[in-house]
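The structure appears right after this line, and notes come after that.
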2 protein chains.
Amino acid sequence: MTRWEPGARERLNGAALELYARKGFEETTVAEISQAAGLTERTFFRYFADKREVLFAGSELLEQQFVDGAAAAPNDATPIEVVRSAVGASAVFFPDERREYSRLRATIIDANPPLQERELRKMSTLAAALTTALRARGIPESVATLAAQSGVTVFRVSFAQWIAPGSTRPMAHIQRDVFAELGALTGATTAH
Amino acid sequence: MTRWEPGARERLNGAALELYARKGFEETTVAEISQAAGLTERTFFRYFADKREVLFAGSELLEQQFVDGAAAAPNDATPIEVVRSAVGASAVFFPDERREYSRLRATIIDANPPLQERELRKMSTLAAALTTALRARGIPESVATLAAQSGVTVFRVSFAQWIAPGSTRPMAHIQRDVFAELGALTGATTAH
DNA sequence: CTATCTATGTCAGTTACTGACATCACTCTA
DNA sequence: TAGAGTGATGTCAGTAACTGACATAGATAG
């Protein structure tokens with residue numbers, strides 16, 4: 001009824017998630033999402049750059065958390081230690097309450113290549129931000145890239161385990177184990 | 001003139017590359033590409049699933065090379081050794097003659113987020129294939145994923161160095177060095 | 001020479017996305 | 001309290017990516 005009903009963005013977000021889950025991503029039209037939210041197509045595109053972005057809003061916060069976590073590492077930290085600090089900081093975004101929502105979202109994304117592409121891009125952006133943070137500490141380009149990319153990989157593997165069916169362990173614990181596996185991979189001796 | 005002129009796919013590929021480079025990806029229309037190749041829009045979409053795919057055809061070959069390389073590793077090879085073998089096998093696809101072409105292609109991709117997304121997806125597919133190959137050797141899921149992902153990262157970092165301005169070193173040499181950096185990252189002691 | 005097969009063309013339609021402009025509700029100020 | 005902003009939304013028209021259905025031209029087989 002009223003124009004001006006607050007929370008337009010949230011309504012669009014909710015309607016999109018519900019429809020993507022129920023009818024599928026491709027089968028859902030932006031017009032449908034907008035209508036379900038009591039808005040027009042044009043308004044949808046004012047809030048979200050495209051049909052995919054509605055599932056990825058808020059990723060800047062995760063990126064900021066990564067960067068802050070990297071900055072929190074001591075000055076004499078090795079590259080991998082900085083990365084560990086960055087990834088570890090992100091764990092606060094994944095409390096147990098969020099697990100179910102994350103599972104639903106992941107189900108939708110896993111079923112749609114276009115959404116996977118967007119997710120990969122977000123991860124790539126994350127890696128780039130972390131690379132920049134590492135470079136600012138004087139770490140050379142290729143090492144910074146490798147370290148940052150490895151960090152994002154640990155993040156992704158950990159996330160996958162966190163939302164795995166039946167999983168109940170907290171994100172921080174999982175991340176610790178995955179970092180250990182990474183170390184073992186190249187035959188590291190530093191147990192930490 | 002003649003319908004039936006051979007090499008339709010190649011003409012479309014060439015026309016697309018030329019136009020993307022000259023006018024930009026977004027500014028180029030599929031109709032323009034098709035016309036430049038002496039074909040129709042509909043035919044373009046018969047050869048390529050979408051406007052981006054024209055730049056990524058042939059990536060299955062790279063994937064196959066990775067898988068074959070992994071298979072070529074000795075039975076008692078460690079995960080990282082298998083990965084090294086897989087990545088190393090891909091070097092044959094990047095002889096010096098191909099460097100200029102790769103540079104041009106990379107320039108186009110780097111300037112267009114949609115193309116970056118597609119590239120990331122291809123790399124992701126590559127990683128998945130490598131993960132499967134590792135799992136087939138009895139390597140557990142998370143280790144396989146970490147190793148494969150690390151391998152793809154090494155591949156990407158190496159490729160970036162290979163096409164860097166002024167770079168003339170062969171791909172195989174670069175990959176060797178980048179693998180060494182990866183090892184140093186986590187404080188490995190096994191020098192190769 | 002006809003039948004068939006395959007690559008291409010034609011056409012109509014859907015939908016994501018954009019720019020330009022109108023309008024509505026709310027706010028501030030004289 | 002009327003009237004001038006101001007910001008969020010609506011309306012409308014348009015472009016271009018992509019798809020399905022069907023027509024057609026050229027090659028090939030029998």
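Below, chain A is the first sequence line, B the second, and so on; all start at residue 1.
Within a 6.0 Å sphere centred on CD of A:Gln35, other residues, nucleotides and ligands contribute 12 heavy atoms or fewer.
In this structure, A:Glu117 does not pair ionically with A:Arg121, as no charged nitrogen and carboxylate oxygen lie closer than 4.0 Å.
With rounding to whole Å, A:Phe48 atom CZ is found 13 Å from C:dC17 atom P. Distance CD (A:Glu32) to P (C:dA16): 9 Å, rounded to an integer number of Å. Following rounding to the nearest Å, A:Gln35 (CD) and C:dT15 (P) show an atom-to-atom distance of 13 Å. Whole-Å rounding puts the B:Arg118 CZ to D:dA17 P distance at 14 Å. C:dT15 atom P lies 13 Å from atom CD1 of A:Ile33, rounded to whole Å. Atoms CG (B:Asp50) and C1' (C:dT15) sit 15 Å apart, rounded to a whole Å. Distance, B:Leu39 CG to C:dT10 C1': 14 Å, rounded to whole Å. The distance from atom CZ of B:Phe44 to atom C1' of D:dA16 is 13 Å, rounded to the nearest whole Å.
Of all nucleotides listed (C:dA20, C:dA16, C:dT8), C:dA20 comes nearest to the side chain of A:Arg42. Residue A:Phe45 places its side chain closer to C:dT18 than to any other of C:dC11, C:dT18, D:dA17. For A:Tyr47, the side-chain atoms get nearest to D:dT9 when compared with the rest of C:dA7, C:dG19, D:dT9. In this structure, of D:dC18, C:dT15, C:dG9, it is D:dC18 that holds the atom nearest to the side chain of B:Glu41.
Side-chain atoms of A:Arg46 and base atoms of D:dG10 include a donor and an acceptor less than 3.5 Å apart.
Stacking of B:Arg105 on the aromatic ring of B:Phe56 is recorded, both the 6.0 Å distance cut-off and the 45° axial limit being met. For the pair B:Arg9 and B:Tyr47, the cation does not sit on the ring face, since its NZ or CZ is not both under 6.0 Å from the ring centre and inside 45° of the axis.
The one candidate from A:Glu63, A:Glu53, A:Glu60 that meets the salt bridge (Lys or Arg N to Asp or Glu O under 4.0 Å) condition with A:Lys122 is A:Glu53.
The residue A:Thr28 sits close only to the backbone: its heavy atoms come under 4.0 Å of sugar-phosphate atoms, none of a base.
At C:dT10, none of the side-chain N or O atoms of B:Thr40 fall inside 4.0 Å of OP1 or OP2 (strictly under the cut-off). At D:dA8, none of the side-chain N or O atoms of A:Thr43 fall inside 4.0 Å of OP1 or OP2 (strictly under the cut-off).
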